[in-house]
Amino acid sequence: MMVIVTESVPPRLRGYLSRWLLEVRAGVYVGDYSVRVREKLWNTVIKEIEGGNAVMAWSAPNESGFTFVTAGQNCREPVDWDGVSLVRYTPNLGETSP
């Protein structure tokens with residue numbers, strides 16, 4: 001199983017993803033494909049994302065049972081903590097200091 005969540009992406013990318021995956025909520029796509037198809041979809045997301053952001057999570061044989069990647073600027077970023085994927089929240093992302 002894999003899930004792609006998008007925010008502020010162009011309509012053409014949303015249309016592309018909806019051809020391959022089921023859009024269960026606005027910007028939330030789910031499906032179950034091979035590694036090859038998953039990588040092809042993610043490469044398209046990276047290429048077409050423009051100013052938006054996205055995260056893709058899929059089942060994996062690890063401690064948490066899944067893994068994920070992100071693209072675009074967001075206040076949440078993945079970090080590796082001793083082999084475990086966590087998410088760091090940075091609320092002031094994008095703000096400039098005086």
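Remember, predicted model here, so these are calculated numbers, not experimental data. Nothing fancy with the numbering, it's 1 onward along the sequence.
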> For residues Val79 and Phe66: do they belong to one hydrophobic cluster (side chain heavy atoms under 4.5 Å, members Ile, Leu, Val, Met, Phe, Trp, Tyr)?
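No, no single cluster joins them.
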> Grab the two heavy atoms, one from Cys75 and one from Tyr89, that are nearest each other, plus how far apart they are.
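So the two residues come closest at SG-CE1, 3.3 Å.
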> Indicate, with yes or no, if Val5 and Val37 share a hydrophobic cluster defined by side-chain heavy-atom contacts under 4.5 Å among Ile, Leu, Val, Met, Phe, Trp and Tyr.
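Unlinked, Val37 and Val5 end up in two clusters.
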> Can you name the closest pair of heavy atoms from Ile46 and Ala71 and give their distance?
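Heavy atoms of Ile46 and Ala71 come nearest at CG1-CB, 4.3 Å.
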> Using modelled atom types and a 3.5 Å cut-off, is there a donor and acceptor pairing between side-chain atoms of Tyr16 and backbone atoms of Glu48?
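Here the side-chain-to-backbone pair does not exist.
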> Would a 4.5 Å heavy-atom cut-off, applied to side chains only, mark Leu41 and Met56 as touching?
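Answer no - side chains too far apart.
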> Report yes or no: do Val3 and Tyr29 belong to one cluster of Ile/Leu/Val/Met/Phe/Trp/Tyr joined by side chain heavy-atom distances under 4.5 Å?
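No, it is not one cluster - the side chains of Val3 and Tyr29 are not joined through contacts under 4.5 Å.
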> Indicate if Leu22 and Val55 have the same hydrophobic cluster label, given that clusters are the connected sets of ILVMFWY residues with side-chain heavy-atom separations under 4.5 angstrom.
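Yes: a chain of side-chain contacts under 4.5 Å links Leu22 to Val55.
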> Indicate, with yes or no, if Val24 and Met1 share a hydrophobic cluster defined by side-chain heavy-atom contacts under 4.5 Å among Ile, Leu, Val, Met, Phe, Trp and Tyr.
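Per the 4.5 Å side-chain linkage, Met1 and Val24 are co-clustered.
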> Are Thr70 and Asn53 close enough that some pair of their side-chain heavy atoms sits under 4.5 Å apart?
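The answer is no; the side chains never approach within 4.5 Å.
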> Does any non-hydrogen side-chain atom of Thr90 lie less than 4.5 Å from one of Glu77?
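With C-beta onward as the side chain, the pair touches.
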> To the nearest 0.5 Å, what is the distance between OH (Tyr33) and NZ (Lys40)?
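It is 12.0 Å, given to the nearest 0.5 Å.
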> If every non-hydrogen atom of Ser85 is compared with every non-hydrogen atom of Phe68, which pair is closest and at what distance?
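Taking Ser85 first and Phe68 second, the nearest heavy atoms are CB-CE2, 3.7 Å.
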> Measure the OG1-CZ distance between Thr6 and Arg14 for me, rounded to the nearest 0.5 Å.
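It is 6.0 Å, given to the nearest 0.5 Å.
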> Counting only heavy atoms not in Arg25, do more than 12 fall under 6.0 Å of its CZ?
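Counting other residues, nucleotides and ligands, CZ of Arg25 stays at 12 neighbours or fewer.
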> Minimum heavy-atom separation for Val30 to Leu21, with atom names?
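Minimum heavy-atom contact is O-CB, 3.5 Å.
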> If you measure from CH2 on Trp58 to CG on Asp32, what distance do you get to the nearest 0.5 Å?
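Taking CH2 in Trp58 and CG in Asp32, the distance rounds to 13.5 Å.
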> To the nearest 0.5 Å, tell me how far Ser8 OG sits from Leu13 CG.
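Interatomic distance, Ser8 OG to Leu13 CG, rounded to 0.5 Å: 11.5 Å.
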> What pair of heavy atoms forms the shortest contact from Ile49 to Pro10, and how long is it?
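Residues Ile49 and Pro10, closest heavy atoms: O-CD, 3.7 Å.
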